[in-house]
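Here the structure is laid out as structure tokens; the discussion comes afterwards.
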Amino acid sequence: MSAKKTIKPRAISGFPEWLPEIRIVEQQWMNEIRRIFESYGFCSIDPPSVEDIDVLTSKGGDTDKEIYALRRLQAEDGGDEARVALHYDLTVPLARYVAQHFNDLAFPFKRYQIQRAWRGERPQEGRFREFYQCDIDVVDVDNVALDFDAELPAVILEVLASLGLDRVSMHINNRKILQGFYEGLGIENVVETIRVVDKMDKIGPEGVAKMLVDDAGIDAATAQRCVELASIRSTDTSFAERVRALDVKSELLDEGLDELTFVLEHLASVTQEQAVADLAIARGFDYYTGTVYEGKLIDYPDYPSILSGGRYDDLVGSFLRRRLPGVGLSIGLTRIFAKLVKEGQIQPGPKCPTDVLVVQLPGVDRAVARDTGRHLRRRGFNVEVYHEAKKVGAQMKYADRKGIPYVCFPPGEPGALPEFKDMQSGEQTSVSLDAWSPSGSGGTFKARTVSA
RNA sequence: GUGGGCAUAGCUCAGUUGGUUAGAGCGCAUGGUUGUGGUCCAUGAGGUCGCCGGUUCAAAUCCGGCUGUCCACCCCA
């Protein structure tokens with residue numbers, strides 16, 4: 001008698017998973033996201049989950065702390081040094097992909113990527129170690145049209161709206177404005193200044209001013225002007241005059257203002273004030289050089305950003321002797337979805353995709369049920385044939401608990417008509433397998449056909 | 001990586017100033033005869049009270065360590 005030892009079943013923290021009725025909604029979301037991305041001509045790529053470690057760390061920064069390396073449990077001699085690791089985002093794999101297939105791609109290269117990414121962070125609400133990102137990027141040779149800076153956020157907002165998410169804001173800034181402004185003020189530590197200013201919504205103007213003095217070594221008066229810049233927001237192009245009123249001279253600054261104005265002008269005509277010029281937005285990644293984006297759920301202002309992206313001067317510099325700039329935007333799918341699940345905002349779908357359960361009547365040849373199922377399946381329905389000739393009550397209960405909308409009783413004797421029962425209304429009718437159609441009150445079938 | 005809270009049944013949680021056999025709701029299983037689910041009723045299964053050690057006649061309860069988890073910071077979708 002061996003003591004049975006059970007391991008407490010638990011998903012690893014930070015690695016979300018859903019019950020079938022939630023997962024089915026997530027799948028519908030992904031289908032919808034893909035559909036709209038493709039409607040704008042973006043193509044799909046699906047590079048591996050792992051890349052060479054040198055590739056992943058090529059973007060610099062200290063993200064390597066958060067990269068999961070892969071190695072075999074039983075490493076052989078000299079083999080314990082990990083050579084590959086799980087990708088940290090979808091942009092670096094894209095860079096490698098574009099560089100590698102440069103000769104086979106048509107530019108501007110517009111691609112979408114719906115994949116998981118992995119980060120070795122401490123999990124928290126909205127922070128996962130494994131999560132889906134839905135990226136769209138445009139990469140071109142030597143120069144990417146500014147029009148894309150305006151189109152991408154419009155695409156993303158359309159996607160979210162089609163998922164029923166209108167309460168989303170898209171904050172947009174331009175790194176050239178920040179850099180030009182700071183340089184115009186004679187600030188030397190621009191990178192640190194950007195990092196601090198990005199905390200505006202978290203620690204407020206006073207906090208930023210103090211931190212600029214303490215951490216970035218900026219004098220109080222100059223710090224104050226940085227805060228003034230960061231306080232500017234507008235849903236139209238009026239931000240530009242307000243920046244110019246601060247009277248800082250810089251060519252780069254002017255360039256940034258023109259670009260941001262262009263983007264805002266375009267977005268104002270295709271969205272309803274969801275896009276906002278927000279000069280406090282900076283974004284952490286230091287490879288952004290122009291437009292930067294950050295999206296938030298309006299109803300959960302303390303929840304971390306759900307959209308992120310920007311323009312980079314050169315995506316593939318570390319792989320190719322060509323300059324390939326790009327602009328991209330990413331939906332934090334898991335971040336959004338998990339929050340809405342937690343808040344009860346996701347209407348669970350059915351527990352299984354079955355439209356019809358065929359009952360197996362006790363005392364009737366099981367071939368009858370099997371053939372009935374096959375017949376209905378050929379008509380395009382998702383059909384389960386109950387796995388044993390158990391009591392009919394038990395089979396009904398199964399259909400009920402799985403949320404299967406229709407039950408079919410195959411004919412008990414040759415020549416008789418089958419009967420169909422609508423589980424929601426309780427209505428039961430005799431009708432041939434070819435003539436039967438769902439009455440419409442069944443939720444599963446409708447949900448599935450609508451999304452298909 | 002730094003700092004703080006929490007840990008009792010599958011889930012959500014009770015459990016008095018340490019005291020004998022640790023409870024509830026939900027969920028699950030079976031039954032309430034024959035070929036019809038949901039509601040109701042009855043019965044039942046299920047816990048090393050996270051793990052290890054200490055204090056005590058006695059620990060779910062007090063103390064220490066470990067692990068897990070959640071929150072804040074860092075950073076970020």
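Chain identifiers are assigned alphabetically (A, B, ...) following the order of the sequence lines, protein sequences preceding nucleic acid strands; residue numbering begins at 1 within each chain.
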### Query
Short question: side chain of A:Asn173, backbone of A:Val292 - any donor-acceptor pair under 3.5 Å?
no
Work out how far the [atom1] atom of [N] is from that of [M], and round it to whole angstrom.
| N | M | atom1 | result |
| --- | --- | --- | --- |
| B:rU2 | B:rU12 | P | 29 Å |
| B:rU30 | B:rU69 | P | 35 Å |
| B:rC51 | B:rC57 | P | 25 Å |
| B:rA60 | B:rU36 | C1' | 47 Å |
| B:rU8 | B:rG68 | C1' | 16 Å |
| B:rG19 | B:rC49 | P | 16 Å |
| B:rA14 | B:rG50 | P | 14 Å |
| B:rU16 | B:rA77 | C1' | 48 Å |

Roughly how many Å is it from [atom1] in [X] to [atom2] in [N], rounded to a whole number?
| X | N | atom1 | atom2 | value |
| --- | --- | --- | --- | --- |
| A:Gln133 | B:rA77 | CD | C1' | 5 Å |
| A:Ile331 | B:rA77 | CD1 | C1' | 10 Å |
| A:Met30 | B:rA77 | CE | C1' | 13 Å |
| A:Lys397 | B:rG27 | NZ | P | 11 Å |
| A:Glu21 | B:rG27 | CD | C1' | 14 Å |
| A:Ile67 | B:rC75 | CD1 | C1' | 13 Å |
| A:Tyr398 | B:rC28 | OH | P | 15 Å |
| A:Arg195 | B:rC73 | CZ | P | 13 Å |

Does the base of [N] carry an N or O that pairs as donor and acceptor with the side chain of [X] under 3.5 Å?
| X | N | value |
| --- | --- | --- |
| A:Arg122 | B:rC73 | no |
| A:Glu121 | B:rA77 | yes |
| A:Gln428 | B:rU36 | yes |

Find the partner of [N]: check Watson-Crick (N1-N3 plus N6-O4 or O6-N4) and G-U wobble (N1-O2, O6-N3) distances, both under 3.5 Å, and reply none if neither fits.
| N | answer |
| --- | --- |
| B:rC73 | B:rG1 |
| B:rA42 | B:rU30 |
| B:rC66 | B:rG50 |
| B:rG25 | B:rC11 |

Tell me what [X] touches on the nucleic acid: a base, only sugar-phosphate, or nothing, going by heavy atoms under 4.0 Å.
| X | result |
| --- | --- |
| A:Glu125 | sugar-phosphate |
| A:Phe128 | base |
| A:Leu333 | nothing |
| A:Arg401 | sugar-phosphate |
| A:Gly426 | base |
| A:Arg129 | nothing |
| A:Gly363 | nothing |
| A:Gln124 | base |
| A:Lys199 | sugar-phosphate |
| A:Phe409 | base |
| A:Ser330 | nothing |

### Query
Between A:Arg127 and A:Arg335, is any pair of side-chain heavy atoms under 4.5 Å apart?
yes
Is any side-chain nitrogen or oxygen of [X] closer than 4.0 Å to OP1 or OP2 of [N]?
| X | N | value |
| --- | --- | --- |
| A:Arg127 | B:rC74 | no |
| A:Lys391 | B:rU33 | no |
| A:Ser13 | B:rC70 | yes |
| A:Lys202 | B:rA72 | no |

### Task
Using a strict cut-off of less than 4.0 Å between a Lys/Arg side-chain nitrogen and an Asp/Glu carboxylate oxygen, indicate whether A:Glu125 and A:Lys342 qualify as a salt bridge.
yes
### Query
So, A:Arg129 and A:Glu121, do they make that salt bridge, N to O below 4.0 Å?
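Answer for the salt bridge query: no.
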### Query
If you measure only the distance, is there a donor-acceptor pair under 3.5 Å linking the side chains of A:Arg122 and A:Gln124?
no
### Summary
By nearest-nucleotide position on RNA chain B, the 5'-leaning member of A:Tyr132 and A:Ala11 is A:Ala11
### Task
Can you label the angle between the A:Phe337 ring and the A:Trp18 ring as parallel, tilted or perpendicular, going by 30° and 60°?
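It falls in the perpendicular class, over 60°.
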### Query
Out of B:rU36, B:rC75, B:rA77, which has the shortest distance to the side chain of A:Glu66?
B:rC75
### Message
In this structure, is the centre-to-centre distance between the rings of A:Tyr68 and A:Trp118 below 6.0 Å?
### Response
no
#### Entry: Crowding at CD, A:Glu388 (>12 non-hydrogen neighbours, <6.0 Å)
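Yes.
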